[in-house]
Amino acid sequence: MPKLDILGALRSVGQPMRRKEDQRLITGQGQFTDDFTMPDQCWTAMVRSPYPHAAIRGIDDRGARALPGVIAVLTGSDALADGIGQIPHNPVPSTRFDVKLTGRGGTPIYIGEHFLLPVDRARYVGEAVAMVVAETREQALTAAEAVIVDWDPLPWVAGTREAAADTAPPVWDGLPDNILVDATFGDEAATDAAFAAAEHVVSATMAIGRVTGVPLEPRAALGWFDPETERYTLRAGSGGAVRQKHELATVLGVDPEQLRVISLDVGGNFGTRNRAYVEFGLVLWASRRVGRPVKFRADRSESFLTDYQGRDLVVTIALAINASGRFLAIRSDNLSNVGARCVSLSPLSKGSGLITGSYDIPVATLRSRATFSNTMPTQAYRSSGRPEVTFAIERLIDKAARELGFDRLELRRRNLVAPSQFPYRNAVGSPYDSGEYERNMDRLLEIADWTGAQERQRQARANGMLYGVGFANYVESSIGSPKERCDMIVAPDGTVEIVIGTQPAGQGHETSFAQVVADLLGIAFDDVTVTLGDTDVVTGGGGTHSGRSMRHASTVIALAAQDLVERAAALAAAHFEVTIDEVTFDTGVFGARDTNLSCDWAELARAAAHESAEGLRVRRDNEMHQPVFPNGSAMCEVEIDPETGGIEITRYTTVDDVGRCINPMIVHGQTHGGIAQGVGQALWEGCTIDPDSGQPLAGSLTDYGMPRSDNMPSFVTEIAEVISPTNPFGVKAGGEGGTTPAPAVIMSAIEDALAPLGAIEIEMPATPNRIWRAIQTLRDRQPQNAQMECAQ
Amino acid sequence: MIAVSMTVNGARVTRDIDDATLLSDFLREELRLTGTHVGCDTTQCGCCVVHLDGLSVKSCTVLAAQAEGGAVTTIEGLATAEGLHPMQRAFRECHGLQCGFCTTGQIMAGAELIASWQGPLDEHRVREEMEGNLCRCTGYHNIVKAILAARDEMDLPDA
């Protein structure tokens, strides 16, 4: 029986193969949700809450119904009457290695209700409370304005710390104090002892604010119900059609096989699309009600209000350090704002497992809490939870170096987890798989020219500018949904199709998965196609999130390929009239030992087709819980104009250990985009809420600062491949590592730039206004300024 | 309702449309040219860039009626019988796209930039000129590279 030699088979793996996706996307032939139109379709628009918290006393739709083109106005009461249920969120990550969050004292977590349209009250600005169906989108939008809701405004709370305070108004009657998670991990007694004995303790409180994903394709949905087959179909871009199918079938109260979900090209995700949106269920339900396909497309303001948002963590953290700079213990209190209902605890959970960062800290205590608030729910966003805790520990180390007089790099070196310590279990139990953390640092400092930075700083200062160098290490966990499925089908012409349950939104799965398949089966890259995103074809799979796809896909593909080779070997044995043990397989050719008999995939596929209609195909399911820990280092340099607070990033360099890199072109591209999103959070992005009214202030691309071509630098990114021992290809994950250290490294550079004026902490986003104010504060503190003021 | 006539990708089209129809909706809904994408409705993102009489416009803030008598080129009309436009090839070669949603607008804006720019075009200038086209996937690094690569290719003498 031939056994696949995975590492011996690698040919296209590791090569920058150009993407199979690109031909359609560069010629305007992409298949995004809004590109589909059905005959007889109508449109829907939502009636949304203008209040952060308000009871619904009544809904008067008479005026709206009288408007031209209006077909129906539907409310939450109508949905309840039709038996439409809640979205079944399961917010606690599901693998055996995820940190086990609970309510206070180990109690079950209260997650709130998530009906498509609430009947009692709205709990955040923008929450949909009714829907209008009309002939055109414009008619639906106009009529939505004419629906009169009798609102009774209630006390509200939006800020994370405020929501967790004793005096906060409750978001849910069932949870009077808003705190849905309160769990402690680590060894409290040992931590207390280490802190008591430590020469130094450094502490800080930091807020990693609320941002939103801004995928450039606004979310859209087209739903229809076929009364003949009693089957629903939904076209909607997401992070995984299989999950959407199961969750929305629960909402509709139907068997999952009565719902088909199609998600083809997806215009960006970053986590925002991983969970079901109410509008997806609504277009399906409304389609059944009105007997026509119903379409929805969010405009950009709706996306800002009601796309699932990200981050929003407040961390109070302390580090115990001995006289020689060794970290003895860490204590952290992490408070996550989940918004008005609990959709996902991934950000809190992922960060909880990584509280010790890249460092060998023997004891730790972590308290993880989550609070409801009257804001849009949060979800995993681009490297869920990991940039937050990386920010906390890396900024705290910079502070420790500054306050205690250590060199910031040397302090890190003294505490990094060493290669000899792997597999390494950190103080809260996360099993770091492999890595060469100090080598990442060394390599980064070399390619980023750390030693030359001093001269660049001198030159910038001579020009009247402030110049700073930022540095951060990171380690992150890639876990994700544990199950994946692969169908592998050989056509009679020898080409191979795989069907798999991941869901890319630009990550290039059609290309990198094809590289893996081509090498394992010994066929040409061009002869492989990858099918994704239609639940009538893709029957299982975990979707795309948490850097899981390349690792899960390459693993299940390797298992399926072995099954396929075995099935083909049996066919070859019959064909050659030898025993299966005599069959050989090498680079796509089957042979019989000690003969010159041979045949290829095409011949065997044709032979299989004679045997049965199914032909030559296998299906493989795999369940893999073991996480991996991508890691790396990042450095940047910034120049700040002291008169305006204007900031320019002059250099940005990273070294990222992604495990085995399947396609370096794609991984570098993922890293670039990841960096931009992390930099965006540090410098511009924020879902600011007006403290007096509770109104979100970022409602368009004019109010929400984005990375743009003229505020971003070019990057130097280098891939380090420390092979993971946890999966056949040794894959970790790429891309999110661009984001994870970015907020820390940018803020580190700003602090370094301002150092000649003094030490000050600036909140993210560090807009020019905030930087300018910090500069004024520091100048005011300087003695000569004080004297000048006295003289005046 | 008004009647509008224009040339789109070389073909003459005439339609009766609502006066308020945006050019982006006219292209997508009336002509089913769905390669022109709408990302923001407010002229911020650049996903909807097409060429109107040879100049880049954000088609979500041009009325279809304003294009009366004009010549519109969309992403579907950029390639010729000889093959892809150099900008399309460069985006693929340089990995200047990921999800592909902003890409069609980026390619159209980049193509017009190269065609119309007088004088030397360096990275800094490309970044300044392209700041009206947002991308959330690439961090712009490979988009800038692609535009400069296409410029180099278009400058080459005929083979």
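Note on naming: letters A, B, ... go to the chains in the order of the sequence lines (proteins, then strands), and numbering restarts at 1 for each one.
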Portion of B:E29 that has a non-hydrogen atom of chain A nearer than 4.5 angstrom: side chain
Contact class of A:F32 relative to chain B, heavy atoms under 4.5 angstrom: side chain
Chain B contact via A:V214 - which portion, at a heavy-atom distance below 4.5 Å: both
Exercise: identify the closest heavy-atom pair between A:L25 and B:T104: O-CG2, 3.6 Å
Residues of residues 88-95 of chain B with any heavy atom under 4.5 Å of a heavy atom in chain A: B:Q88, B:F91, B:R92, B:E93, B:H95
Sole residue of A:E21, A:H672, A:Q507, A:Q670 in side chain to side chain donor-acceptor pair (under 3.5 Å) with B:Q98: A:Q670
Any residue of residues 120-142 of chain B which, by heavy atoms, sits under 4.5 Å from chain A: B:E123, B:R127, B:E128, B:M130, B:E131, B:L134, B:C135, B:R136, B:C137, B:T138, B:G139, B:Y140, B:H141, B:N142
Any donor-acceptor N or O pair under 3.5 Å, side chains B:R28, A:T37: no
Point-to-point distance, once rounded to the nearest 0.5 Å, from CD of A:Q29 to OG1 of B:T34: 7.0 Å
Chain A neighbours within residues 70-86 of chain B, where any heavy atom lies under 4.5 Å away: B:I75, B:E76, B:L84
Contacts of residues 37-47 of chain B with chain A (heavy atom under 4.5 Å): B:H37, B:V38, B:G39, B:C40, B:D41, B:Q44, B:C45, B:C47
Beyond-backbone contact of A:F270 with B:C99, side-chain heavy atoms, under 4.5 angstrom: no
Residue part contacting chain B, namely of A:P713, when any heavy atom lies under 4.5 Å: backbone
A:T671 versus chain B, the contacting section by heavy-atom distance below 4.5 Å: neither
